[in-house]
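Report on one structure; see the data block that follows.
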Amino acid sequence: MLDPQLIRNDLNSIAKALDKRGASIDTNKIQKIEDKRKAIQIKTEKLQADRNLISKEIGEMKAKGKDTENLLEKVTSIKNQLEKNEEELTAIQQELNELIIVIPNIPHESVPDGSTEEDNQPIREWGEKPSFDFKINDHVDLGESLEQIDFDSATQITSSRFVVMKGQIARLHRALIQFMLDIHISEHGYQEVNVPYLVNTDSCTNTGQLPKFKEDLFHIKDQDFYLIPTAEIPVTNIVKDKIINDIELPLKFVCHSPCFRSEAGSYGKDTRGMIRQHQFEKVELVQIVQPENSYNVLEELTLNAETILKKLNLPYRVVTLCAGDLGFAAAKTYDIEVWLPSQNTYREISSCSNFESFQARRMKARWRNSKTNKIDLLHTLNGSGLAVGRTLIAVMENYQTKNGDITIPDVLQKYMSNESIIKKS
RNA sequence: GGAGAGGUGGCAGAGUGGUUGAAUGCACCGGUCUUGAAAACCGACAAGCCUUCGCGGGCUUCGAGGGUUCGAAUCCCUCCCUCUCCGCCA
């Protein structure tokens with residue numbers, strides 16, 4: 001959520017900034033409702049003050065045993081007016097809130113202009129793309145001929161966009177999770193957390209998935225819970241309604257979790273293989289920081305995610321998302337894209353964002369400055385470190401051999417009984 | 001699932017209709033004292049919102065929502081959560 005003060009005082013500059021990301025707001029409508037809100041609120045609070053004063057007086061009179069008939073009459077007429085005003089105020093505050101809650105974050109000044117993926121700005125590349133002296137396969141062909149990836153069974157069990165992994169591939173998948181967690185814990189100083197995979201409406205609203213993107217989520221109707229599309233939701237909401245002392249900051253959390261996405265609206269997209277699934281696993285990095293540090297931390301967090309790819313020796317590049325491609329709550333985002341030989345292109349494997357105070361304001365996550373004793377909103381950041389399914393694909397494709405086996409990256413071998421190759425069993 | 005108890009400020013814990021946004025203790029912050037620290041003493045100490053250039057003034061909030069009342073932390077209703085015992089269970 002944007003700062004309500006800003007909305008009140010400088011609506012036009014917000015509109016201008018949002019224009020950059022291709023979002024528009026009806027400034028006239030908002031201004032009109034805001035003006036009305038102000039008038040009604042002032043009037044309502046005046047009436048409340050009057051009522052409080054007289055009620056207090058009645059108490060004093062009664063204590064002295066005096067007659068209160070006059071005062072009661074007076075306060076009754078105030079009460080009737082007040083009820084009407086309070087109703088009106090509630091209604092208009094709600095109307096205003098509904099308008100404000102769907103306004104996306106303002107892009108940071110360093111975010112490049114642009115409206116689509118095409119305008120994203122590559123900022124660095126790492127690693128050497130492998131060259132093969134044989135005809136390469138994609139992960140689907142590799143996995144199926146190894147008989148360790150089974151889409152048919154998954155479809156039978158549930159539906160399309162699910163997968164069954166078996167044997168060494170399943171183990172490799174798990175090894176990747178262990179590896180990622182271990183690096184982030186012991187080399188990058190994150191604390192591991194294990195969180196609920198079902199979350200309530202409030203939590204989803206705080207991080208920005210609701211109310212606007214309900215159709216992307218799986219919803220448990222009976223309980224009004226949602227399956228998490230990312231650990232960002234439960235992990236970030238750890239600081240909901242909290243005031244954190246600055247000596248405890250930054251909070252750095254790493255969390256492995258499954259993620260569930262309905263993928264509504266991506267029907268024709270990535271239908272082959274494990275690129276886009278309804279269920280996948282992810283190791284998520286979350287940092288809760290002081291505002292002045294958040295852009296340095298965005299760089300740090302992105303590098304933390306990149307470290308995994310470096311250690312796996314997978315070629316990748318980092319791009320800065322242009323304003324038009326930014327997610328709803330993000331002020332700035334770096335995407336990390338891994339090289340997929342079968343597609344001869346880079347594919348997103350991590351998205352690292354600074355949300356500034358956008359999420360923190362919604363969840364009332366604040367910190368106390370121990371020098372001034374003042375309270376202020378925190379900044380929140382997160383990024384995948386990394387998406388496990390897509391990392392698995394990248395390993396399979398980049399490490400494939402001529403006869404269809406897969407070499408196990410050195411850093412993963414200790415998680416797989418020191419095996420060095422995945423073969424058909 | 002059954003029976004009972006309870007949810008109050010950073011924490012602990014008073015408060016059952018009227019000047020209580022809330023006693024008291026602890027923690028935190030400022031000060032006195034001290035070479036320094038501790039102790040002791042003194043003082044300050046919730047958040048959000050509205051209004052104002054500022055000083056200031058006002059409103060709201062005692063799990064959430066509704067109700068009764070001139071007035072609710074306190075009474076009534078619904079929901080959520082926590083704890084204890086029993087049952088069931090990975």
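Below, read A as the first sequence line, B as the second, and so on, with proteins coming before strands; counting in each chain starts at 1.
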**Q.** Electrostatic pair A:Lys424:A:Asp405 at N-O distance under 4.0 angstrom
**A.** no
Q: To the nearest Å, give me how far apart CH2 (A:Trp367) and C1' (B:rC28) are.
A: 16 Å
**Q.** Pairwise 5' ranking along RNA chain B for A:Glu34 and A:Glu60, keeping only the more 5' one
**A.** A:Glu60
Would you be so kind as to tabulate the donor-acceptor pairs closer than 3.5 Å made by side chains of residues 319-332 of chain A, with sequence neighbours excluded?
from	atom 1	to	atom 2	distance (Å)
A:Asp325	OD2	A:Asn120	ND2	3.0
A:Lys332	NZ	A:Ser110	OG	2.8
A:Lys332	NZ	A:Tyr334	OH	3.3

(Q) Tell me every residue that passes salt bridge (Lys or Arg N to Asp or Glu O under 4.0 Å) with A:Lys364, counting only those two or more places apart in sequence or in another chain. (A) none
**Q.** Presence of A:Lys46 side-chain N/O under 4.0 Å of B:rG58 phosphate oxygens OP1/OP2
**A.** no
Q.
Please report the distance separating the P of B:rG25 from the corresponding atom of B:rC41, rounded so that it comes out in whole Å.
A. 11 Å
Q. Which whole number of Å gives the distance between the P atom of B:rU32 and that of B:rA23?
A. 28 Å
Q.
Applying ring-ring contact (aromatic ring centres under 6.0 Å, His included), can you list everything that pairs with A:Tyr197, at least two apart in sequence or on another chain?
A. none
**Q.** Partner residues of A:His278 under the ring-ring contact (aromatic ring centres under 6.0 Å, His included) criterion, sequence neighbours left out
**A.** A:Phe162, A:Phe218
Q: Could you encode protein contacts along nucleotides 60-71 of chain B as a string, one character per nucleotide from 5' to 3', using B for base contact, S for sugar-phosphate-only contact and - for no contact, with a heavy-atom cut-off of under 4.0 Å?
A: S---------BS
Q) Checking all strands, does A:Gln223 fall into the base, sugar-phosphate, or nothing category for heavy-atom contacts under 4.0 angstrom? A) nothing
Q.
Is the ring pair A:His184/A:His188 parallel, tilted or perpendicular, if the boundaries are 30 and 60 degrees?
A. tilted
Q | Presence of salt bridge, A:Lys311 and A:Glu187, under 4.0 angstrom | A | yes
Q | Distance between C1' atoms of B:rG57 and B:rG7 (Å, rounded) | A | 34 Å
Q) Between B:rC80 and B:rA72, how far is it from one P atom to the other, in whole Å? A) 26 Å
Q) Are A:Lys282 and A:Glu284 within salt-bridge range, i.e. N to O under 4.0 Å? A) yes
Where do N or O atoms of nucleotides 88-90 of chain B meet protein N or O atoms at under 3.5 Å, pair by pair?
none

Q) Separation of A:Leu53 atom CG from B:rG18 atom P, in whole Å? A) 18 Å
Q) Roughly how many Å is it from NZ in A:Lys240 to C1' in B:rA47, rounded to a whole number? A) 18 Å
Q. Do any N or O atoms from the side chain of A:Glu397 and from the backbone of A:Ser342 form a donor-acceptor pair under 3.5 angstrom?
A. yes
Q) Which part of the nucleic acid does A:Ile375 contact within heavy-atom distance under 4.0 Å: base, sugar-phosphate only, or nothing? A) sugar-phosphate
**Q.** Spacing of the P atoms in B:rU74 and B:rU52 (rounded, Å)
**A.** 34 Å
Q. Does the separation of the ring centres of A:His219 and A:Phe225 fall below 6.0 angstrom?
A. no
Q: Have a look at A:Arg361 and say if it touches a base, only the backbone sugar-phosphate, or nothing, with a 4.0 Å heavy-atom cut-off.
A: nothing
Q | Earlier contact from the 5' end, RNA chain B, for A:Ile243 and A:Arg37 | A | A:Ile243
Q | B:rC83 versus B:rG71 - spacing of their C1' atoms, nearest Å | A | 34 Å
Q: Nearest whole angstrom, please: distance from the C1' of B:rC59 to the NZ of A:Lys43.
A: 16 Å
